[in-house]
> 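Dropping a structure here in structure tokens format, bear with me for questions.
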Amino acid sequence: MTKLGTAPATDRRPLSEVARHVIAPDGIVSTSWPKVRDTCHRLGWGFDGWQDGSGRLILSKRSDGQYAADTIVISIPRQVGKTYLIACIIFALCLLEPGLKVIWTAHRKSTSAETFRQFDAMARRPKVAAHVRQVLRGKGDESIWFNNGSSIEFGARESGFGRGRTDVDVLVFDEGQILPESTLEDMGATQNVATNPLTFVMGTPPRPKDDSEFFTLLRQEALDGESEGTLYIETSADRGSDPMDRAQWAKANPSFPRRTTERAMLRLRKKLKNAESWAREALGIWDENKRKTPFPNWPNCATEMAPADDVPPNALGVDMSHDRVISVAGCWVEPDLLDESHLELLEVDTTGDTAAAEASIAALAGRRIPVVIDGASPAASMIPGLKARKVKVIIGTASDMGKACGGLHDAVRDGKVWHSDQGQLNDAILGSKKRNIGTAGAWGLDRSDPDMNIAPAVSAVLAHFGAATQRRRIGAGRDSSSRRATVLS
């Protein structure tokens with residue numbers, strides 16, 4: 001097992017040789033790593049080749065001097081040397097940048113306490129101790145304070161550590177595989193005043209029961225080439241390989257067998273008796289198809305009831321697929337229960353005739369019913385034509401999409417929205433997946449797969465958002481004659 005404060009390494013294999021995935025941000029022109037590495041060497045800390053390559057990317061900068069990656073995502077097994085590398089970087093940054101504020105969070109108190117003990121041991125080294133003013137060794141409020149005003153504080157997210165802070169420069173989410181959206185919301189303002197913030201999200205592949213959507217989304221976004229300002233590093237064995245194959249151990253763990261011995265791995269194997277746990281935590285192997293629909297309660301919201309044909313919707317949502325299939329959804333707000341609503345897919349146009357679709361949408365919407373279209377959607381090409389027809393068009397932004405998806409997610413979860421059990425809409429909703437919007441937990445629906453038409457789902461999300469925003473009560477009445485989708489071929 002790699003221990004903090006280990007002597008300089010001899011394994012010079014580069015990061016590109018030992019990692020399964022290294023996905024770096026665009027715009028790199030320089031790096032602060034040489035200065036940080038030299039500081040670490042003076043303190044007695046050395047690095048393996050993969051750690052050297054990781055440090056170079058972690059501290060890479062753009063032409064304006066900002067970090068090229070403000071978010072560093074690391075998926076790596078146990079006993080590799082992840083904590084050692086990040087700890088060395090943080091200690092060096094604290095010495096090089098007076099007044100730097102760092103908080104290191106873990107999900108569990110036990111993990112946070114163990115990490116602090118490792119940092120405490122580093123701080124006791126003679127060459128480091130000369131720079132340390134004091135070390136607070138309490139229960140839940142452990143911290144290291146430097147002579148130049150820098151500090152490193154430790155705490156567990158399960159205890160609410162980090163909430164309400166706005167002065168943090170470097171934020172570490174250890175055990176990143178357990179990072180619920182509520183925690184991200186609580187800590188969203190943590191780095192508001194930082195001039196050049198760094199955020200680390202690191203952990204092992206999540207278990208099915210872990211609240212891991214954020215970690216999984218960051219990984220998937222990087223693999224899909226859709227991340228911005230994110231560095232993603234992963235080491236892992238091959239899926240389906242022999243779990244006791246030493247060559248696979250070395251593939252997953254670049255410190256094996258030089259730093260992490262076979263005996264140490266076998267001890268870990270005894271603790272992780274479950275084969276799936278061993279694959280995730282010792283070999284770094286992700287489960288297949290970990291992402292799930294954001295709307296798991298959707299089937300339970302189906303109903304045979306529907307708005308009467310003479311009751312217009314409160315809002316329409318329009319979206320278009322990669323191959324220009326146009327979907328139009330409507331949302332009706334319950335006249336007596338403004339927090340409940342009904343969604344239906346009204347039209348699916350497979351012809352690609354936008355002029356005909358614009359005429360149909362204009363007929364449905366008139367001049368009063370809002371029509372919501374995401375400004376980043378292919379359907380945005382219809383906006384000028386709809387406006388020319390005097391349609392009330394609302395052009396959605398990325399922020400709006402985050403609000404819209406979160407709003408429908410909550411309504412479906414709480415049973416506050418109903419739908420007519422339409423096959424096309426069901427398939428799109430249940431086949432949809434999340435994509436990250438920013439770093440504070442907001443998300444949209446992932447449209448990157450051209451073979452998966454989620455336009456019906458996006459149109460429903462937008463229609464629900466439009467109705468919730470407008471809160472207009474148009475008419476009343478419900479009967480069992482549902483309005484089904486019209487397929488124009």
> For Ser60, give me all partners under side-chain hydrogen bond (donor to acceptor under 3.5 Å, both in side chains), at least two apart in sequence or on another chain.
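For Ser60, no residue satisfies side-chain hydrogen bond (donor to acceptor under 3.5 Å, both in side chains) once neighbours in sequence are set aside.
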
> Which residue pairs satisfy the salt bridge (charged side-chain N to carboxylate O under 4.0 Å, His left out) criterion with at least one member in residues 148-162, sequence neighbours excluded?
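Residue pairs passing salt bridge (charged side-chain N to carboxylate O under 4.0 Å, His left out), neighbours aside: Glu153-Arg165.
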
> Could you list the residues that satisfy side-chain hydrogen bond (donor to acceptor under 3.5 Å, both in side chains) with Glu228, not counting sequence neighbours?
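Testing Glu228 for side-chain hydrogen bond (donor to acceptor under 3.5 Å, both in side chains), a comparison that skips the adjacent residues, returns none.
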
> Keeping to residues at least two apart or across chains, list the ring-ring contact (aromatic ring centres under 6.0 Å, His included) pairs with something in residues 256-279.
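Listed by first then second residue: Trp249-Phe256, Trp249-Trp278.
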
> Would you mind writing out the side-chain donor-acceptor pairs for residues 375-383 within the sub-3.5 Å range, not counting sequence neighbours?
from	atom 1	to	atom 2	distance (Å)
Ser377	OG	Asp319	OD1	2.7
Ser377	OG	Ala379	N	3.0
Ser381	OG	Arg324	NH2	3.2
Ser381	OG	Pro378	O	3.0

> For Phe215, give me all partners under ring pair (Phe, Tyr, Trp, His ring centres under 6.0 Å), at least two apart in sequence or on another chain.
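With neighbours one apart ignored, the set is Trp286.
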
> Would you check if there is a donor-acceptor pair between the side chains of Ser255 and Thr260 at a distance under 3.5 Å?
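Note: Thr260 and Ser255 side chains meet the donor-acceptor criterion.
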
> How would you list, by chain and number, every residue that makes a side-chain hydrogen bond (donor to acceptor under 3.5 Å, both in side chains) with Ser321, sequence neighbours excluded?
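Checked Ser321 against side-chain hydrogen bond (donor to acceptor under 3.5 Å, both in side chains); matches are Asp323.
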
> Only counting residues at least two apart or in another chain, list the ones meeting ring pair (Phe, Tyr, Trp, His ring centres under 6.0 Å) with Phe91.
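Counting only residues at least two positions away or on another chain, Phe91 forms a ring pair (Phe, Tyr, Trp, His ring centres under 6.0 Å) with Trp45, Phe119, Phe146.
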
> Listing request: all salt bridge (charged side-chain N to carboxylate O under 4.0 Å, His left out) pairs with a residue in residues 64-77, at least two apart in sequence or in separate chains.
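Pairs touching residues 64-77 that pass the test: Arg62-Asp64.
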
> Can you list everything that forms a side-chain hydrogen bond (donor to acceptor under 3.5 Å, both in side chains) with Thr111? Sequence neighbours excluded, please.
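Per chain and number, Thr111 pairs via side-chain hydrogen bond (donor to acceptor under 3.5 Å, both in side chains) with Glu175.
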
> Taking ring pair (Phe, Tyr, Trp, His ring centres under 6.0 Å) as the test, write out the residues that go with Phe200, two or more places apart.
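Listed in chain order: nothing, the list is empty.
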
> Output every pair passing salt bridge (charged side-chain N to carboxylate O under 4.0 Å, His left out) with a member in residues 80-97, not counting sequence neighbours, ordered by first then second residue.
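For residues 80-97: Lys82-Asp174.
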
